[in-house]
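What follows is one structure encoded as C-alpha cells, with my remarks underneath.
Keep in mind the model is a prediction, meaning the values are calculated, not measured. Both ligands and their constituent atoms are indexed starting at 1 by order of listing.
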Amino acid sequence: MNAISEPTIFESLESEVRSYCRDWPTVFSTAQGSWIRDENGNEYLDFFAGAGALNYGHNNPVLKQALVDYIVSDGITHGLDMSTVAKREFLETFKQRILDPRGLDYKVQFPGPTGSNTVEAALKLARKVTGRESIINFTNAFHGMTLGALSVTGNSMKRAGAGIPLVHATPMPFDNYFDGTMEDFHWFERLLDDSGSGLNHPAAVIVETVQGEGGVNVARAEWLRALAELCSRRDILLIVDDVQMGCGRTGPFFSFEIAGITPDIVTLSKSISGYGMPMALTLMKPELDIWGPGEHNGTFRGFNPGFVTSKAALDHYWSDDALHLSTMAKGEKIHESFAGLAAAFDGVSTRGRGLVQGLVFENADLAGKVCQHSFEAGLLTETSGPSDEVVKLLPPLTITDDELDHGLRIIADATAKVCS
Ligand code: PMP
C-alpha cells in the first residue's frame, strides 16, 4: 500500500475554492428525508439541509412524485421567461397559499436562480425607483457573492475577494450590536439628520431578520418594526432578504411576519423550490415594478421543474399552520437542549428562532471542534459567525422528534468532549 495516497479527482481537478467538502471529507451518494449517505454506506443526520435549501428534507416523496410525473410527461424544462403551464400553476398557488392569506400585494419577478441573483435584482430596482445610489446594510450581514450583493455583505475575507472597491453601501449596527447599551437607530437616525454626516440619502435598507451566516443574530420584532417605521418616515425602501430565513425556517412562511411589517421588496431563494432546485423570487410592491421589458434578464429564470416542486411544496405544507407550529415546537426543543449546555459549560450561550438555532462559543475554536466531532458521530452541522464561533443548526423542518433528539444528543456529547 502507498504511504501517500493519490489525490482524488476533487483535489486534483476541482478548484481550491471548494469548502464544505473539506469539513466533511467523504463522498456522498444518496439522501432521503433528514439523512444523507456516503458511498461507503455511512449515514449522517443532516442538520445543515443544503444551507437552508432543503426545508422539506432530501428528495421529499411528495415533491419527487410531482417532479417525476412532470419530467415523464415531457413538461417544459427550460423556459426563460416564457409563459408555461408550470409557471402559471406556480404563480396561482403562490398567490392563493402565500400572498393572499397574508394580505400581501406583491408582484413577482424571477431574477435568475440564486440568492445572489435576487439580491442583485432588489438592489438594482431600489436604485432605479429612487434614483439614489447608496444602500444601508448591517454589521455581519450576508447577501451573496456577486459584486452588488458582496458590497452589502460584512465578512472581510469574502469582501476582499472582490478585488475592486465595494462602494455605495454603508453598514449600520444590527440589533444588539452594542449589547443593549445603545439606543436602537440612534446612530442611523442621527446620520440621516446631520447634513454634515457624509451619509447620502439611501435608496434602501437591506436586512436579514435573523442573520444566518453572520452568526444566528436574531433581530427583535420591535427592532424590525422600528426599522420599518424609520424607513417609511425617511422615504427609504426596506428590503428584507429572506433567502435563508424565508420559506418557514423561523416558523411563519416569511420571517418578517412576526413583526407585522410589510417590506417594500423581499428576496426568496434556497427553499422556495422545496427540492433543492435552483430558483429565486424578487417580490416588490406593485408601484415599484417600473422595470422595462427585458431590462433585467437571464437565461435561467424559468426553471420549470422548480416551479413544479415549489407548487407541490406550497400545496402540501402551506395549506394550514401545521408546519409553522411544528417548527416552533421543534425550535423550542433545540433551545431547551442548548440552554442546558449553556448552563452546564462556561463560555457557551445560545440564540435562535424557529428552526435556526445557534450554540455560541466564547472560544471560537470549540465550535469547529463540535462540528468535527459531530461529523465523526454521524451528524452534519456547520459553523457561522465572523470568527466561526457559532454551531448553526438548520435541520429540515420535516425532521421527526426522534431524529432531532438523536442529533441533539450527538451535539451534547461533542460539546461535553470539547469543553471538559
Ligand atoms: N442572502 C442570504 C441571506 C443568504 O443566506 C445567502 C446564501 N447563504 C444569499 C443571499 C446568497 O445566496 P446564493 O448562495 O444562492 O447566491
Side-chain angles (χ1 to χ4, degrees), residues 17-20 23 48-55 109-126 135-155 157-159 161-162 166 169 171 174-175 204-219 224 238-250 253-256 263 265-283 298 300-301 303 306 310 352-358 381-386 388 390 392-394:
V17 79
R18 63 196 192 279
S19 65
Y20 290 113
D23 294 333
F48 170 66
L54 295 166
N55 281 5
Q109 178 181 357
F110 299 100
T114 70
S116 301
N117 287 138
T118 176
V119 168
E120 292 291 344
L123 298 177
K124 203 166 156 181
L125 183 64
I135 306 284
I136 300 295
N137 59 316
F138 287 99
T139 48
N140 289 306
F142 186 97
H143 297 290
M145 289 295 100
T146 49
L147 287 179
L150 199 51
S151 72
V152 287
T153 289
N155 186 293
M157 186 269 267
K158 300 274 196 304
R159 289 177 69 87
L166 294 169
F174 191 69
D175 192 13
V205 165
I206 185 164
V207 67
E208 300 152 272
T209 64
V210 179
Q211 296 181 322
E213 306 302 324
V216 193
N217 305 315
V218 183
L224 291 167
L238 178 62
I239 304 170
V240 169
D241 182 352
D242 240 1
V243 163
Q244 186 164 149
M245 295 306 148
C247 304
R249 174 53 58 190
T250 67
F253 185 85
F254 293 108
S255 70
F256 54 81
I265 304 177
V266 181
T267 60
L268 286 175
S269 182
K270 291 204 191 262
S271 276
I272 185 62
S273 83
Y275 204 71
M277 307 260 222
M279 178 171 170
L281 306 179
T282 314
L283 311 180
F300 289 107
R301 284 170 300 146
F303 183 56
S310 185
R353 174 175 289 146
L355 273 175
V356 49
Q357 296 285 337
T381 188
E382 70 161 344
T383 59
S384 79
D388 283 324
V390 183
K392 177 174 105 174
L393 263 55
L394 289 176

[Y] backbone acceptor or donor facing [X] side chain under 3.5 Å:
| X | Y | answer |
| --- | --- | --- |
| Ser384 | Gly214 | no |
| Arg301 | Gln109 | no |
| Arg159 | Gly154 | no |

Hey, can you tell me if Phe138 and Phe174 have their rings parallel, tilted or perpendicular (30° and 60° cut-offs)?
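Answer is perpendicular, since the angle exceeds 60°.
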When you look for protein heavy atoms under 4.0 Å from ligand 1, which residues do they belong to?
Thr114, Gly115, Ser116, Phe142, His143, Gly144, Glu208, Glu213, Asp241, Val243, Gln244, Lys270
Between atom OG1 of Thr383 and atom CD of Glu213, what is the distance when rounded to the nearest 0.5 Å?
9.5 Å
Sole residue of Asp242, Thr282, Asp241, Thr118 in side-chain hydrogen bond (donor to acceptor under 3.5 Å, both in side chains) with Thr267:
Asp241
